[in-house]
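Comments concern the structure below.
Quick caveat, the model's predicted, so the values are computed rather than measured.
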Amino acid sequence: MALSRLGEPGDPRFAVHTAQMGAPAFHDALLHERDPGSGVLTDVATRLGAMQPERDLELAARLGIRFVVPGDAEWPEQLDDLMGAGQVHRRGGPPLGLWAKGPVRLDRLAGSLAVVGSRSATTYGVDVAASIGAGVARAGLPVVSGAAFGIDLAAHRGALAVEGLTVAVLACGVDRAYPTAHRSLLDHLAGHGLVVSELPPGSAPTRLRFLARNRLIAALARGTVVVEAAVRSGALSTANWAGRVNRTVMGVPGPVTSAQSQGVHELVRTGAAMLVTSPEDVLELVGESGAHLVEELRGPERQRDRLSLRHQQVLDAVPVARPAHVDSISRTAGLSISDTGNALMRLRAVGLVEADGDGWRLAALAHQ
């Protein structure tokens, strides 16, 4: 069956035919078709030319790697949202399938949060990413990222620090450690969490594959947080894909002088992202309706905050150091002597003013 009869990745029939044909038949269809307008399927088809499906699936099984396709019970249905996005944006669509290594099922990621950002992150960015990763993981949300240096690594570590679930989506085969410095992290995730890729085992990372990987991170998660991203950062690609598939996009502000935060600031300025500063902010946006509500920030309550308007008028008219007579205070406050006297007695009872001879002045509590 020719791929042209199957439809493009944006066609709803595509996932159905993929599941019905099976991996070997679908492999043969791809070998004879190319899609120069998109590039993603061309990349897949080129790589499949050197593969033997049965042998490679057996090898993957021996390595503890499973291949999940649309229609399988484990398939994350949120990836189907890429169908509509793929029709408009030709740089991607739903993956043909996902290679997964780890005990966690892919369908557990429906309520997850993606945390992405700069590889050359600042100490500030690393701290914030780790805090967000830990906060949302503690609340039970899986953390999805790309296992890269900088923000990705901090988000994974934050989740692991509270024994939460975190998932790495790679731009290479799940049997490869990229970057190699993160081999121990990826081995741990493969044993206790999940490592995912749309690329078969043995595939090496390329620029196109990183861009294709970004759409998977965005579509797998319920929302994406961008922590530090320069104006040409790849993290902005993930944020753009998240917007295309109607996910919540959030941005953490940084110093206005920091080049590492210019991309994030642009997302917030244009309304493409909601500003967040803490795990609590993130949970309020991506959590269940009515859950994780953040209380409005308020300064510490002072004694004078409980006063009526009339009592505040009198308090404002009382001098700081040199005592004043009640008639002088009443003229300044614009009230009668009787009302002013009653107010001064009330203010003295709560410790805000004190009598000094025939006059009144502010007490120490009024300066707090």
query: Do S330 side-chain atoms and S336 backbone N/O form a donor-acceptor pair below 3.5 Å?
result: no
- request: Return yes if a side-chain donor-acceptor contact under 3.5 Å exists between Q260 and S258, otherwise no.
  value: no
message: With heavy-atom distances below 4.5 Å as the criterion, would you say the side chains of L165 and R108 are in contact?
response: yes
- prompt: Is there a path of hydrophobic side-chain contacts, each under 4.5 Å between heavy atoms of I, L, V, M, F, W or Y residues, that connects V282 with V162?
  reply: no
query: So do the side chains of V169 and I217 get within less than 4.5 Å of each other, counting heavy atoms only?
result: yes
- prompt: Taking the side chain from R215 and the backbone from G93, do they hold a donor-acceptor pair closer than 3.5 Å?
  reply: yes
query: Would you say V249 and M274 are hydrophobically clustered, going by side-chain heavy atoms of ILVMFWY under 4.5 Å?
result: no
Heavy-atom side-chain contact between M250 and T224 under 4.5 Å: no
- request: List the steps and the verdict of side-chain contact (heavy atoms from CB on, under 4.5 Å) for S197 and R213.
  value: CA-CA 8 Å; S197 177; R213 183 274 305 270; over 6 Å; no
message: Show, in sequence, the C-alpha distance, side-chain angles and deciding distance for V196 and L216, and conclude whether the side-chain contact (heavy atoms from CB on, under 4.5 Å) test is met.
response: CA-CA 10 Å; V196 181; L216 299 183; 5.8 Å; no
field: Steps toward side-chain contact (heavy atoms from CB on, under 4.5 Å) verdict (V69, L96)
entry: CA-CA 7 Å; V69 298; L96 309 178; over 6 Å; no
message: Looking at F149, I'd like to know if the NZ or CZ of R157 sits under 6.0 Å from its six-membered ring centre while staying within 45 degrees of the ring's axis.
response: no
message: Check R119 with E228, please: is the shortest side-chain N to carboxylate O separation under 4.0 Å?
response: no
query: Between V167 and V143, is any pair of side-chain heavy atoms under 4.5 Å apart?
result: no
- prompt: Hey, are the side chains of L98 and L79 touching, using non-hydrogen atoms and a 4.5 Å cut-off?
  reply: yes
query: Got a donor-acceptor contact below 3.5 angstrom from the D152 side chain to the G146 backbone?
result: yes
- prompt: Is it true that a side-chain atom of R209 and a backbone atom of C172 form a donor plus acceptor pair closer than 3.5 Å?
  reply: no
- request: Verify the neighbour count for atom CZ of R232: are there more than 12 heavy atoms of other residues, nucleotides or ligands below 6.0 Å?
  value: no
query: Checking S328 side chain against A324 main chain: does a donor-acceptor pair fall under 3.5 Å?
result: no
message: Quick check: is F210 connected to V174 through a chain of hydrophobic side chains (ILVMFWY, heavy atoms under 4.5 Å apart)?
response: no
message: I'd like to check L283 versus L285 (side-chain heavy atoms, cut-off strictly below 4.5 Å). Are they in contact?
response: no
field: Any donor-acceptor N/O pair, R222 side chain to S112 backbone, under 3.5 Å
entry: no
- prompt: If you draw a 6.0 Å radius around CD in E77, do more than 12 non-hydrogen atoms from other residues or ligands fall strictly inside?
  reply: no
- prompt: In the single-linkage hydrophobic clustering (I, L, V, M, F, W, Y; side-chain heavy atoms under 4.5 Å), do V268 and V116 co-cluster?
  reply: no
query: Would you say H182's side chain and L153's backbone share a donor-acceptor pair under 3.5 angstrom?
result: no
message: Under 3.5 Å, is there a donor on one side chain and an acceptor on the other for N240 and S237?
response: no
query: More than 12 non-hydrogen atoms from neighbouring residues, nucleotides or ligands closer than 6.0 Å to OH on Y178, yes or no?
result: no
field: S145 side-chain N/O to V115 backbone N/O, donor-acceptor pair under 3.5 Å
entry: yes
query: Can you check whether D81 reaches R247 side chain to side chain, under 4.5 Å on heavy atoms?
result: yes
- request: Say whether, by atom type as modelled, one donor and one acceptor occur between the side chain of R361 and the main chain of R322 under 3.5 angstrom.
  value: no
- request: Look at the side chain of D72 and the backbone N and O of V68, then say whether any donor-acceptor pair between them is shorter than 3.5 Å.
  value: no
query: Under 4.0 Å between a Lys/Arg side-chain N and an Asp/Glu carboxylate O for E354 and R348?
result: no
task: Please examine the side chains of L113 and P142, heavy atoms only from C-beta on, and report whether any two atoms are closer than 4.5 Å.
output: no
